[in-house]
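Structure first, commentary second.
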Amino acid sequence: MKRRLLATLIFPFAALGATGPAVTPDPALVAYRDIPLWNVGQVPGARGDGPLDAPFLTVFTPRASNGAAVIVAPGGGNIMLMYGGEGADVAEVFNDWGVTAFVLTYRLAPRYDQEARTLDAERALRLVRAHAAAWHLDPARIGFIGFSAGGSLGRSLLGASDTGVPQSPDPVERMSSRPDYAALIYGAGRATPGESLADYPPTFLLSAAADQAPSLANAQLFADLTQAGAVAELHVYQRGRHGFGTGQGSPEFGDWMPRLEHFLRVAGFLPAPAAIESRAPARGATRTPKTVNDGYGDYVYVPAGAFEMGDRAGDGLARERPVHAAELDPFYIGKYEITNREWKKFRDDPGYDDPQFWPNGRIVPRDQVPYWTQPNNHGGGTPGSDDYPVIGVNWDAATAYCAWLSARTGKRYRLPTEAEWEKAARGIEGRRYPWGDSIDRKLANFVGAQAFDTVQPVGSFPGNASPYGAFDMAGNVLEWCQDWYDRDYYAVSPRRNPPGPKTGAYRVVRGGSFFVEASELRSAARSAAWPSFLGHRMIGFRAVREP
């Protein structure tokens with residue numbers, strides 16, 4: 001039955017189920033189920049025990065989940081809730097994108113003030129995050145979308161959110177209340193004095209010019225967020241009105257939710273469209289990336305399976321063809337490029353000079369690693385450099401680091417094969433760039449995109465994660481791969497675990513750098529460098545850990 005049979009405007013006292021007995025949510029989500037935010041009798045600041053006093057979430061489940069979730073806060077001037085056009089309709093569009101949606105019934109005026117509503121929104125984020133594993137959701141892909149008064153509530157939530165209270169006896173309160181992204185629709189409001197705008201998650205702002213107060217406030221907030229260094233996107237319709245909901249079927253507003261979808265895909269919160277149908281996890285599975293850390297940084301899990309390697313597009317080069325299938329065993333890959341902090345552990349270890357770690361026993365002396373003492377290149381021997389990627393490390397030294405790390409941990413670390421690197425960057429949906437199919441100057445460090453001509457700290461672009469959660473796989477520094485380079489290798493590459501050519505002169509480097517143009521940031525782009533070369537400030541590396 002079409003869910004739009006829900007009334008376009010429903011007053012909150014018509015919503016039932018919010019005052020049921022306190023329960024721990026079931027492992028499986030049930031569509032249209034109401035989930036109370038607090039146990040009966042434990043709602044903070046409650047002024048009664050009726051339906052208006054017990055905030056709750058209503059579940060809208062997709063046919064095929066991709067693990068993402070969103071809290072939907074309808075508007076209504078804080079005296080009622082627009083459950084239809086700003087609640088259920090919105091939830092269903094998110095469902096079409098593979099996202100599990102939770103429509104929030106929050107407490108209203110005059111009985112409750114904004115402080116109570118903000119507590120409701122925070123609790124909603126904490127509750128979903130606390131049960132993410134049981135509900136097969138990714139705790140790092142939980143967003144918030146608010147309309148009108150719900151948008152203002154979103155602003156209050158962003159200002160009040162925290163990382164949780166570790167010592168709380170309530171496990172829900174130990175969770176972070178910060179959304180991973182926010183969409184504030186004709187109701188954002190202006191920045192308040194002292195607000196930490198730099199800490200905002202990726203934020204989508206939408207309004208109509210004729211709706212002057214919200215549109216002007218949105219424009220100002222966008223300017224303030226951008227100036228503070230946060231990621232934001234602003235859309236203002238040339239005429240319009242207040243309260244157009246999803247805009248579905250409207251010749252004027254009908255494209256705004258597809259714009260939001262694009263924003264979320266570019267930021268890495270949604271997979272490519274085909275992935276929802278072809279790769280939807282079975283009931284009981286989870287898309288939450290596995291992460292391991294043996295004391296030397298985080299490594300994210302890339303599951304076994306085949307993907308399409310190479311580039312069919314017109315700007316792809318001959319060395320990226322023929323496009324072919326590569327089937328790989330599972331592996332872990334560094335969440336970030338190896339930093340000065342991690343390299344320093346190797347460089348300062350007595351085992352650095354052990355010939356068994358070095359290819360052919362040729363040791364690169366510690367004092368021959370370039371840039372180590374150069375502040376302008378953020379060398380590891382300079383203050384404040386720990387989170388920058390190590391640069392000037394040749395293939396031999398990168399390989400030695402991996403061998404040393406294997407000896408230290410008892411696990412096998414090595415450089416990624418070219419095929420492993422490409423799969424980790426683009427996933428099986430074949431993303432053109434790690435975050436999606438179009439270049440975005442806010443998501444990578446490359447020529448023309450930034451005001452600097454050097455590396456940036458790893459993780460500086462939070463929206464550029466690959467499908468498996470690896471960051472900075474486009475731009476910043478080129479990364480060494482295990483393979484020898486051969487322009488024509490793809491024509492003879494074996495399907496299963498291709499190891500690269502047996503011999504060669506150069507080793508493969510991948511990912512582009514701060515010194516190259518956008519086309520070289522493509523996930524399929526290949527390049528090469530002499531493995532024993534020192535002094536290349538555009539090359540670093542990340543490692544692979546075998547399961």
Are W435 and D440 packed together at the side-chain level, in the sense that at least one heavy-atom pair is separated by less than 4.5 angstrom? yes
Please step through ring pair (Phe, Tyr, Trp, His ring centres under 6.0 Å) for the pair F204 and Y181, ending with a clear verdict. CA-CA 8 Å; F204 181 93; Y181 64 85; 10.0 Å; no
Cationic N near anionic O, under 4.0 Å, K442 to E233: no
Should the ring pair Y388 and H378 be called parallel, tilted or perpendicular, given that the plane angle runs from 0 to 90° and is split at 30 and 60? parallel
With a 6.0 Å cut-off (strictly less than), is the heavy-atom count around CZ of F515, excluding the residue itself, greater than 12? no
Between the main-chain N or O of R111 and the side-chain N or O of R47, is there a donor-acceptor pair closer than 3.5 Å? yes
Do R537 and Q374 come close enough that some side-chain heavy atom pair is under 4.5 Å? no
Assess the side chains of Y332 and N293: does a donor N or O sit below 3.5 Å from an acceptor N or O? no
Could you check whether any side-chain heavy atom of L37 comes within less than 4.5 Å of a side-chain heavy atom of Y106, counting everything from C-beta outward? no
Hey, does N95 have a side-chain heavy atom less than 4.5 Å from the side chain of T61? no
Distance, nearest 0.5 Å, that separates OG1 of T246 from CD1 of I185: 11.0 Å
Is the count of non-hydrogen atoms from other residues, nucleotides or ligands lying under 6.0 Å from Q114 atom CD greater than 12? yes
Would you confirm whether D113, through its side chain, and A116, through its main-chain N or O, come within 3.5 Å as a donor-acceptor pair? yes
Which of V103, L104, D120 passes side chain to side chain contact (heavy atoms under 4.5 Å, CB included) with L57? It is L104
For the CZ atom of R259 and the CG atom of L206, what is their distance to the nearest 0.5 Å? 9.0 Å
For P36 and D34, the nearest pair of non-hydrogen atoms, with its separation, is CD-O, 3.7 Å
Do the side-chain N and O atoms of Y299 and R542 include a donor-acceptor pair separated by under 3.5 angstrom? no
Check this for me, if you would: do R107 and D53 make a salt bridge, where the nitrogen-to-carboxylate-oxygen distance has to be below 4.0 angstrom? no
Using every non-hydrogen atom in the two residues, find where A69 and L137 come nearest and quote the distance to one decimal. CB-CD1, 4.0 Å
Between T100 and S65 the two heavy atoms that sit nearest each other are OG1-OG, 4.1 Å
Can you check side chain to side chain contact (heavy atoms under 4.5 Å, CB included) on H235 and F222, steps first, answer last? CA-CA 10 Å; H235 296 276; F222 170 78; over 6 Å; no
In this structure, OG of S177 is separated from CD1 of I142 (nearest 0.5 Å) by 11.5 Å
Side chain to side chain contact (heavy atoms under 4.5 Å, CB included), that's the test. Do L158 and Y200 meet it? Break it down for me. CA-CA 7 Å; L158 292 168; Y200 263 50; 3.4 Å; yes
Separation of L157 CG from L119 CG (nearest 0.5 Å): 10.5 Å
List the steps, then state whether side chain to side chain contact (heavy atoms under 4.5 Å, CB included) holds for N218 with V236. CA-CA 9 Å; N218 273 9; V236 180; 5.6 Å; no
F60 side chain reached by F102 side chain, heavy atoms, under 4.5 Å: no
Can we say D170 and R126 salt-bridge, meaning some charged N sits less than 4.0 Å from an Asp/Glu carboxylate O? no
Please give me the minimum heavy-atom distance between S513 and L478, naming the atom from each residue. CB-N, 3.8 Å
Nearest 0.5 angstrom please: W372 CH2 to S385 OG, how far? 7.0 Å
Evaluate F269 against V99 for side chain to side chain contact (heavy atoms under 4.5 Å, CB included), listing each step before the verdict. CA-CA 10 Å; F269 295 110; V99 179; over 6 Å; no
Is any side-chain heavy atom of V90 closer than 4.5 Å to one of F147? yes
Taking C-beta and beyond as the side chain, do E337 and V455 meet within less than 4.5 Å on heavy atoms? no
What distance separates T382 OG1 from N377 CG, expressed to the nearest 0.5 Å? 9.0 Å
Hey, is R426 close enough to D311 for a salt bridge, meaning N to O under 4.0 Å? no
Evaluate the criterion ring pair (Phe, Tyr, Trp, His ring centres under 6.0 Å) for residue pair W256 and Y186; output intermediate values, then yes/no. CA-CA 12 Å; W256 85 258; Y186 49 79; 8.0 Å; no
Residue among D89, T105, T58 satisfying side chain to side chain contact (heavy atoms under 4.5 Å, CB included) with Y83: T105
Kindly indicate whether the side chain of L443, heavy atoms from C-beta on, has any atom under 4.5 Å from the side chain of Y433. no
